[in-house]
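See structure below.
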Amino acid sequence: MAKELKELTSRSDNYSQWYNDLVIKADLAENSAVRGCMVIKPYGYAIWEKIQAELDRMFKETGHVNAYFPMFIPKSFLSKEAEHVDGFAKECAVVTHHRLKNSPDGKGLIVDPDAKLEEELIVRPTSETIIWSTYKGWIQSYRDLPILCNQWANVVRWEMRTRLFLRTTEFLWQEGHTAHATEAEALEETKKMLEVYADFAERFMAVPVIKGVKTANERFAGALDTFCIEALMQDGKALQAGTSHFLGQNFAKAFDVTFMDKNNKLDHVWASSWGVSTRLIGALIMTHSDDNGLVLPPSLAPFQVVIVPIYKNEEQLALISEKVAEIVTKLKALGISVKFDNNDNKKPGWKFAEYELKGVPVRLAMGARDLENGTVEIARRDTLTKETVSLENIEIHINELLKEIQKNIFQKAFDHRASVTREVNSYDDFKVEIEKGGFLLCHWDGTPATEELIKEETKATIRCIPLEGDKTPGVCMVTGKPSVQRVVFARAY
RNA sequence: CGGGAUGUAGCUCAGCCCGGUUUAGAGUGCACGUCUGGGGGGCGUGAGGUCGCAGGUUCGAAUCCUGUUAUCCCGACCA
């Protein structure tokens with residue numbers, strides 16, 4: 001494996017560069033031949049698979065089923081919901097033809113003008129429109145409701161500027177699209193999925209999040225309300241980690257999806273949609289990792305334990321392998337994923353550095369010395385500490401250690417967030433404080449105009465109106481008008 | 001779409017200002033051999049390049065000029 005750049009840019013030196021370096025060097029992804037699109041490499045994809053597996057389980061547990069809809073959307077569909085088209089029109093990839101032919105001058109291929117599509121197709125930036133046009137055929141009665149579908153898919157948004165995982169032209173995500181008979185039920189669904197996301201973020205990603213609702217400015221195009229989970233990165237910038245939208249009857253009206261209710265009355269269907277994307281991997285990286293590389297939560301690490309043998313010859317390796325096999329069996333019995341790296345092409349020192357860079361939570365090293373003493377060296381990634389322990393009940397020790405690492409990195413992220421979250425009461429203070437990063441809890445008069453002004457002057461946005469916590473009213477830090485509660489400001493990715 | 005930068009070996013880059021001792025280099029990676037092995041190891045040998053592309057200037061261009069194309073970084077826009 002080629003690792004030319006041995007040294008990572010430090011976070012304090014250049015956080016942005018550190019992130020870019022880390023994604024490449026930890027072998028998570030790389031830029032592709034297609035501008036703005038990334039290749040997710042096996043190690044990075046393995047993390048995505050872990051994320052998928054857990055979320056998929058959680059979705060099914062909450063009554064959802066998977067389905068798949070086309071990646072192409074007839075152009076006319078997109079324009080049916082007025083706000084929706086406004087939100088996405090500027091970043092759509094458009095299919096206009098369906099055939100190529102040899103260039104008359106003999107050089108390469110050209111688009112065959114005879115193969116022009118009657119109606120252009122949009123590569124989905126999100127699937128509300130194609131799904132709601134489909135749901136129209138599925139729904140006649142309240143007995144057909146609710147519909148609780150999720151799809152795992154790729155989407156395309158033609159962004160001007162991209163960054164690996166955080167914003168790519170094409171990205172992988174899941175999008176849930178649900179249809180309900182009542183407003184209350186759709187709203188309940190929206191909130192339920194927000195809880196699922198928050199639970200996943202905190203328990204599996206070890207990323208503490210604030211649950212909240214977006215302001216009108218930040219709302220999803222076509223939604224009545226957008227709920228979100230907001231995370232805080234180590235550099236003090238916020239990252240939206242997931243959204244759950246209450247769509248009201250907007251899409252049902254746009255696509256004329258009606259149903260007969262229990263009283264034989266025709267009504268439009270109520271909707272929610274919700275999604276998280278490969279951006280979560282970006283959140284994972286920027287929350288936990290350090291200047292030595294990636295730090296992965298045990299719950300999502302492609303493998304939780306790596307074992308490195310240290311030997312002088314084949315005989316020693318054979319003896320070590322035998323001992324290691326016992327440990328592997330015990331670990332696997334506890335559901336712990338483990339990799340024994342007996343690759344002879346790399347030296348132990350190289351492997352240590354490599355697995356540190358890749359964020360493997362626990363590393364074991366076993367050599368002749370350990371064989372003699374019945375011990376093994378355990379190194380934990382989060383604290384970079386090492387200890388030599390007895391092999392007796394080693395699997396129990398490691399199991400506990402993994403739990404502790406999971407807890408520790410969450411706590412570390414939680415403490416960091418707490419340390420850079422503060423209440424600010426005057427706009428003058430705000431302008432100073434926002435430069436330092438972090439979440440600022442401030443009173444705001446609830447108007448888009450004030451929000452816009454703050455954004456223009458400070459580049460800070462309202463990340464969300466938090467659902468939990470202090471609800472004391474006050475006065476807007478800018479206009480002095482009444483404020484219902486403090487809202488969360490930050491500069492964001 | 002504005003601003004900045006860069007295309008030279010698989011990768012990271014030097015050489016370019018000031019054209020000719022450069023037969024185009026280094027590090028790293030790769031192949032083979034060997035000594036090694038508790039934190040990216042040492043020695044030796046070897047393979048690997050139309051210097052992004054197209055023109056131009058010149059006796060001579062990686063180097064100067066023009067055009068073109070691609071990518072990266074920083075902003076504005078967005079998950």
Side-chain angles (χ1 to χ4, degrees), chain A residues 1-9 14 16-17 19-21 24-25 30-37 86-92 125-126 155-175 197 214 217-221 226 228-231 238-245 273-283 292-293 308-314 316-317 320 342-357 363-373 375-377 379 384 386 388 455-456 459 461 463 491-493:
Chain A
M1 286 266 123
K3 280 293 163 313
E4 311 73 27
L5 304 164
K6 306 242 163 171
E7 276 166 33
L8 207 55
T9 306
N14 183 341
S16 175
Q17 189 64 47
Y19 176 85
N20 292 335
D21 285 359
I24 302 293
K25 286 199 240 170
E30 63 188 31
N31 283 307
S32 70
V34 184
R35 179 197 149 81
C37 296
D86 276 356
F88 289 105
K90 284 172 295 187
E91 50 189 43
C92 287
T126 179
V155 287
V156 167
R157 296 182 189 175
W158 213 268
E159 303 283 355
M160 293 178 197
R161 208 176 137 225
T162 57
R163 288 189 78 191
L164 294 171
F165 290 115
L166 295 177
R167 180 170 300 106
T168 46
T169 300
E170 178 193 22
F171 57 95
L172 304 183
W173 77 346
Q174 58 69 216
E175 45 181 328
Y197 286 155
K214 288 287 187 190
N217 279 350
E218 303 275 328
R219 197 178 284 154
F220 175 75
T226 287
C228 63
I229 51 172
E230 290 286 327
L239 184 75
Q240 180 174 304
T243 48
S244 183
H245 314 292
S273 71
W274 27 273
V276 296
S277 71
T278 36
R279 178 179 244 205
L280 288 181
I281 295 174
N292 295 298
V308 177
I310 298 160
Y311 55 95
K312 291 199 201 315
N313 51 48
E314 287 297 319
Q316 271 189 10
L317 176 60
I320 292 166
N342 60 356
N343 183 346
D344 192 42
N345 296 327
K346 302 293 181 202
K347 305 293 152 59
W350 194 94
K351 291 175 185 175
F352 294 165
E354 176 71 2
Y355 291 116
E356 228 154 67
L357 188 58
R363 185 185 71 235
L364 305 185
M366 180 175 276
R369 216 153 69 198
D370 295 297
L371 276 187
E372 241 175 71
N373 303 335
T375 59
V376 66
E377 183 188 83
L384 292 171
K386 292 191 285 198
T388 299
K455 186 177 175 183
E456 256 171 49
K459 291 178 192 161
T461 50
R463 300 319 304 154
R491 285 186 182 150
Y493 276 97

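Everything quoted here is computed from the prediction, not taken from an experiment. As a basis for the values below, the full set of heavy atoms in this structure was taken, side chains included, without hydrogen atoms, waters or symmetry mates. Reminder, nothing fancy here: chain letters follow the sequence lines and each chain counts from 1.
Comparing A/Leu239 and A/Ala353 against RNA chain B, the residue whose closest nucleotide sits nearer the 5' end is A/Ala353.
Nucleic acid contact for A/Glu377: base, since at least one base atom lies under 4.0 Å from a heavy atom of the residue. Within the 4.0 angstrom heavy-atom criterion, only backbone atoms of the sugar-phosphate kind lie near A/Arg35; the bases stay farther away. Residue contacts shown for A/Gln240 are limited to sugar-phosphate atoms, with no base heavy atom under 4.0 Å away. Note on A/Asn14: nothing from the nucleic acid sits closer than 4.0 angstrom, heavy atoms only. Residue-level contact check: A/Ala368 touches the bases, meaning some heavy atom is under 4.0 Å from a base atom. Within the 4.0 angstrom heavy-atom criterion, base atoms lie near A/Tyr311. Nucleic acid contact class of A/Arg163 (heavy atoms, under 4.0 Å, all strands): none. Residue contacts shown for A/Thr168 include a base, since a base heavy atom lies under 4.0 Å away. Nucleic acid contact class of A/Leu166 (heavy atoms, under 4.0 Å, all strands): base. Across all strands shown, A/Lys214 has no heavy atoms under 4.0 Å from either base or sugar-phosphate atoms. Among the protein residues, A/Ser16 comes within range of the sugar-phosphate backbone only, with heavy atoms under 4.0 Å from sugar or phosphate atoms but none that close to a base.
If you take atom P in B/G25 and the same atom in B/G37, they sit 36 Å apart, rounded to whole Å. Comparing the same atom, P, in B/G15 and in B/A76 gives a spacing of 34 Å after rounding to whole Å. Comparing the P positions of B/C72 and B/U12 gives a spacing of 13 Å, expressed to the nearest Å. Atom name P, nucleotides B/C43 and B/U28: the rounded distance is 9 Å, in whole Å. Distance check on atom C1': B/G7 versus B/C13 gives 12 Å, rounded to whole Å. Separating the C1' atom of B/C30 from that of B/U69 is a span of 31 Å, rounded to the nearest Å. A distance of about 6 Å separates the P atoms of B/U8 and B/G52, rounded to the whole Å. For the C1' atoms, the distance from B/G3 to B/G48 is 39 Å, rounded to whole Å.
Remark: B/A54 base-pairs with B/U66; criterion is Watson-Crick or G-U wobble with both hydrogen-bond distances under 3.5 Å. The nucleotide B/C72 finds its pairing partner in B/G4, both defining distances of the Watson-Crick or G-U wobble pair being shorter than 3.5 Å. Pairing for B/A9 is absent, judged as Watson-Crick or G-U wobble with the two contacts each under 3.5 Å. Base pairing analysis places B/G49 opposite nothing; no Watson-Crick or G-U wobble pair with both distances below 3.5 Å involves it. For B/U34, the paired base is B/G42 (Watson-Crick or G-U wobble, both distances below 3.5 Å). Shown here, B/C59 forms a base pair with B/G20; the pair counts as Watson-Crick or G-U wobble because both key distances fall under 3.5 Å.
The A/Leu357 side chain lies nearest to B/G40 when the options are B/C73, B/G38, B/G40. Minimum atom distance to the side chain of A/Glu91 is reached by B/C78, of the listed B/G39, B/U71, B/C78. When distances run from any side-chain atom of A/Lys459 to the nucleotides B/G37, B/G39, B/G75, the shortest one goes to B/G75. Minimum atom distance to the side chain of A/Phe352 is reached by B/G39, of the listed B/C1, B/C78, B/G39. Which of B/C77, B/G37, B/U71 sits closest to the side chain of A/Asp344 comes down to B/G37.
Remark: A/Arg363 qualifies as a cation-pi partner of A/Phe352 under the 6.0 Å distance and 45° angle criteria applied to the six-membered ring.
Contact detail for A/Pro348 and A/Val308: the closest heavy-atom pair is CA-CG1, 4.2 Å. The shortest non-hydrogen separation linking A/Pro125 to A/Phe88 is CB-CD2, 3.8 Å. The minimum heavy-atom distance linking A/Thr168 with A/Glu170 is given by the pair OG1-O, 2.7 Å. Considering every non-hydrogen atom in both A/Arg167 and A/Tyr493, the closest pair reads NH2-C, 3.7 Å.
In this structure, the CD1 atom of A/Ile310 is 14 Å from the C1' atom of B/G41, given to the nearest Å. Spacing between atom CZ of A/Phe165 and atom C1' of B/C78 amounts to 19 Å, rounded to whole angstrom units. Distance NZ (A/Lys25) to P (B/U28): 16 Å, rounded to an integer number of Å. One can place NZ of A/Lys351 at 14 Å from P of B/G39, the figure rounded to the nearest angstrom. One interatomic measurement links the two molecules: CG of A/Asp86 to P of B/C78, which rounds to 12 Å at whole-angstrom precision. Per the geometry, CD belonging to A/Glu456 stands 9 Å off P belonging to B/C77, to the nearest Å. One atom, CG of A/Asn345, and another, C1' of B/G29, lie 13 Å apart when rounded to the nearest Å. A/Asp21 has its CG atom 12 Å from the C1' atom of B/C73, to the nearest Å.
We find that A/Glu230 and A/Lys214 are joined by a salt bridge, their nearest charged nitrogen and carboxylate oxygen being less than 4.0 Å apart.
At a cut-off of 3.5 angstrom, the base of B/G41 holds at least one donor-acceptor pair with the side chain of A/Lys347. Scanning atom types as modelled, one donor and one acceptor separated by under 3.5 angstrom connect the side chain of A/Asp370 and the base of B/G38.
Summarising the geometry, atom CE belonging to A/Met366 is positioned 7.0 Å from atom OG1 belonging to A/Thr375; distances are rounded to the nearest 0.5 Å. Of the inter-residue distances, the one linking A/Asn31 atom CG with A/Ile24 atom CD1 reads 6.0 Å to the nearest 0.5 angstrom.
Between B/C72 and A/Asn31, a contact under 4.0 Å exists linking OP1 or OP2 to a side-chain N or O. Side-chain N/O atoms of A/Asn20 include none lying less than 4.0 angstrom from OP1 or OP2 on B/C72. The shortest distance between the side-chain N/O atoms of A/Lys455 and the OP1/OP2 oxygens of B/C78 is below 4.0 Å.
Under the 30°/60° scheme for interplanar angles, the aromatic rings of A/Tyr197 and A/Trp274 are found to stand perpendicular.
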